[in-house]
Amino acid sequence: MKTILVTGGVGYIGSHTVVALQENGYKVVILDNLCNSKAITLSNIQKISSQAPIFYQGDIRDRPMLRDIFKNHPIDGVIHFAGLKAVGESQSEPLKYYDNNVVGSITLLEEMIKAKVDTFVFSSSATVYGEPGATQYQEGMPTTPINVYGRTKLMVEEILRDGAKANPGLRVACLRYFNPVGAHLSGLIGENPVGTPNNLMPYIGQIALGILPKLKVFGSDYPTPDGTGLRDYIHVHDLAQGHLLALQYLEDHPGALTVNLGTGKPYSVLEMISAFEKVSGKSIPYDLVERRSGDLAEYYANSDLAKTVLGWEAKHGIERMCEDTWRFYRQLDSAQS
Ligand code: NAD
Ligand code: UD1
């Protein structure tokens, strides 16, 4: 049985990946400081997969803790989710982001190499592409991220690719996620941000529950069919499967792989609202307002490489994304009332 260290494993994408790993025969050790997640997720992971991951509450920048983990467990590979991800906050507190995301990743990588662990899967983002003037992003395209968060992701990618060049035994995969949405079929784990959500789906979910009154649709004059922004929403379950396939791929392929994980099919904000209304039976009131600064009209993935090298393809469509999000929000609501 292989043992995987999952940093940030209590978070949104991490928790779904931990479930997928445990269901596929991996043993999991989680390192998470709970700065953006709650310990209750650990018992929900256990409920879903009838197995408790080993949990260390701590920071990826804590070298002694990393040394303990690598000493105490026969770690075969690392999946690195731990990171800060709020674009606005990254602009106002850049050093916090460079320290957490970049210094944190370097510390983890150094301790991993010292412990003679050679496999590293990294959570990157479509944000690294920035504004190349294209709408369909392919891995070879220029990377010019337009915010601090995106730059931290690109820096870590480059550190990993340089690391793999210098250490021929190293195996790294940088997975560039598009817009993760959805939740586990059980309704027990999903995305539940602290405070008012910045992202579309959690915002819609909170309107459906009556927590928030109305959605602001940012921009209705984009050069898109209905004038609202188009994005490549991807179900978190499909994303989790992508991590498993990346781990398997790295077993036979030393070096560095950089790959998009998206569906290749974009949806507009109005299409997302209408799909959510259909599955939930709730009305989602909205106002069309000004564009949000930093938003692009449209982007989506070219996922041919993921299909060719990993044999990965997204299976879940927009309806399932909305159904699972809604189930998670209803469950959350009944647990709180
Ligand atoms: P999340 O905030 O739900 O999960 C991140 C987890 O990492 C949290 O549990 C948090 O407590 C933990 N963490 C943060 N800094 C840490 C540190 N220094 N030490 C230990 N633990 C720490 O976020 P998520 O949506 O699950 O995203 C996971 C990763 O994927 C992040 O690196 C994020 O940047 C990346 N990503 C996310 C998206 C998205 O839309 N959700 C898109 C592209 C990339
Ligand atoms: C954002 C981040 C990106 C991150 C991604 C996934 C920015 C600029 N980018 O992308 O780095 O990887 O989340 O977490 O923040 N929308 C509304 N009203 C809302 C919220 C969103 O109309 O209240 C629209 C947006 O304008 C966009 C679409 O919905 O067209 C999706 O927005 P969002 O979920 O925030 O994701 P992105 O902006 O694509």
Side-chain angles (χ1 to χ4, degrees), residues 6-17 30-39 41 56-62 65-66 79-91 96-97 99-101 103-105 107-108 122-130 145-147 149-150 152-153 156 175-181 189-194 196-204 206-207 212 214-220 222 224 228-234 236 239 243 261-262 266-270 272-273 286-300:
V6 181
T7 73
V10 190
Y12 172 45
I13 306 168
S15 57
H16 289 81
T17 305
I30 295 178
L31 171 62
D32 197 308
N33 64 7
L34 303 184
C35 71
N36 198 36
S37 50
K38 297 198 178 80
T41 299
Y56 285 79
Q57 183 171 350
D59 198 288
I60 50 167
R61 291 160 294 182
D62 181 344
M65 180 165 277
L66 287 171
I79 306 185
H80 178 34
F81 293 103
L84 300 175
K85 60 168 187 176
V87 173
E89 187 189 51
S90 79
Q91 295 292 100
K96 180 173 161 186
Y97 273 68
D99 187 35
N100 197 83
N101 293 4
V103 175
S105 299
T107 311
L108 175 64
F122 175 58
S123 292
S124 189
S125 168
T127 307
V128 298
Y129 291 108
I146 57 169
N147 53 57
Y149 166 68
T152 67
K153 289 288 163 190
V156 176
L175 307 183
R176 292 177 176 168
Y177 317 151
F178 280 67
N179 286 53
V181 295
I189 55 173
E191 186 177 21
N192 181 24
V194 179
T196 307
N198 294 313
N199 298 117
L200 182 66
M201 277 302 261
Y203 206 107
I204 291 180
Q206 294 202 10
I207 293 173
L212 293 169
K214 224 178 200 187
L215 178 73
K216 287 186 182 133
V217 175
F218 297 133
S220 53
Y222 283 114
T224 59
T228 66
L230 286 167
R231 293 290 181 276
D232 186 338
Y233 298 95
I234 171 168
V236 65
L239 211 49
H243 292 76
L261 295 180
Y267 287 98
S268 74
V269 179
L270 296 185
M272 293 306 281
I273 294 173
Y286 64 85
D287 287 327
L288 301 175
V289 303
E290 290 298 293
R291 295 178 179 189
R292 181 172 66 178
S293 151
D295 272 355
L296 299 176
E298 169 179 4
Y299 63 83
Y300 57 100

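Remember, it's 1-based here, ligands and their atoms both numbered in the order they're listed.
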Return the closest protein heavy atom for [atom] as residue, atom name and distance.
atom	value
atom 34 (O) of ligand 2	L200 N, 2.9 Å
atom 19 (N) of ligand 1	I60 N, 3.1 Å
atom 7 (C) of ligand 2	V87 CG2, 3.7 Å
atom 2 (O) of ligand 1	N36 ND2, 2.7 Å
atom 10 (C) of ligand 1	D32 OD1, 3.4 Å
atom 3 (C) of ligand 2	T127 OG1, 3.5 Å
atom 38 (O) of ligand 2	R292 NH2, 2.7 Å
atom 18 (N) of ligand 1	N100 OD1, 2.8 Å
atom 33 (C) of ligand 1	Y149 OH, 3.6 Å
atom 26 (O) of ligand 2	D295 OD2, 2.6 Å
atom 28 (C) of ligand 2	Y233 OH, 3.5 Å

Taking side chain as C-beta onward, heavy atoms only, is [X] less than 4.5 Å from [Y]?
X	Y	answer
Y149	K85	yes
Y299	F178	yes
Y129	T127	no
L212	P197	yes
Y222	E298	no
L66	L31	yes
H80	I60	yes
Y203	T196	yes

Check whether any side-chain N or O of [X] sits under 3.5 Å from a backbone N or O of [Y] as a donor-acceptor pair, and report yes or no.
X	Y	result
T7	A82	yes
N147	S90	no
N199	M201	no
D232	G262	no
K153	S123	yes

At under 4.0 Å between heavy atoms, is it the side chain or the backbone of [X] that contacts ligand 2, or both, or neither?
X	value
V269	side chain
Y12	neither
K216	backbone
N199	both
T228	neither

Nearest heavy atom to [atom]: which of [options] does it belong to?
atom	options	value
atom 29 (C) of ligand 1	Y56, F81, Y12	F81
atom 30 (O) of ligand 2	G229, P266, G294	G229
atom 23 (O) of ligand 2	Y299, Y177, F218	F218
atom 38 (C) of ligand 1	G14, P180, S125, P193	P180
atom 17 (C) of ligand 1	L108, I13, N33	N33

Do ligand 1 and [X] have nitrogen or oxygen atoms that lie under 3.5 Å from each other?
X	answer
F178	no
S124	no
E191	no
G11	yes
K85	yes
A82	no

Report yes or no: does a heavy atom of Y222 sit under 4.0 Å from some atom of ligand 2?
no
Using a 4.0 Å cutoff against the non-hydrogen atoms of [X], which atoms of ligand 2 qualify?
X	answer
V217	22 (O)
L215	18 (N), 19 (C), 23 (O)
S125	12 (O)
N198	20 (C), 35 (O)
Y149	11 (O)

If you measure from the Lys or Arg side-chain nitrogens to the Asp or Glu carboxylate oxygens, is any gap between K96 and D99 under 4.0 Å?
no
Please determine whether the number of non-hydrogen atoms from other residues, nucleotides or ligands lying under 6.0 Å from atom OH of Y286 exceeds 12.
no
Would you say [X] has any N or O atom under 3.5 Å from an N or O of ligand 2, going by distance alone?
X	value
P180	no
N179	yes
R231	yes

Under 6.0 Å from the six-membered ring centre of Y267 and within 45° of its axis: does the NZ or CZ of R231 meet both?
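Verdict for Y267: no cation-pi partner in R231.
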Ligand 1 contact by [X], heavy-atom criterion under 4.0 angstrom:
X	answer
G58	yes
L34	yes
H80	no

Nearest heavy-atom neighbours spanning [X] and [Y]:
X	Y	result
S37	D32	OG-OD1, 3.5 Å
K216	V289	CB-CG2, 3.8 Å
G83	N101	CA-OD1, 3.4 Å
V128	G150	CG1-O, 4.0 Å

Before giving the answer on side chain to side chain donor-acceptor pair (under 3.5 Å), spell out for Q91 and Y97 the whole-Å C-alpha distance, their side-chain angles and the decisive distance to 0.1 Å.
CA-CA 9 Å; Q91 295 292 100; Y97 273 68; over 6 Å; no
Residue pair H243, Y177: steps toward the ring-ring contact (aromatic ring centres under 6.0 Å, His included) verdict:
CA-CA 11 Å; H243 292 76; Y177 317 151; 5.4 Å; yes
Which atoms of ligand 1 have any heavy atom of S123 under 4.0 Å away?
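Contacts of ligand 1 toward S123, numbered from 1: 29 (C), 30 (O), 32 (O), 35 (C).
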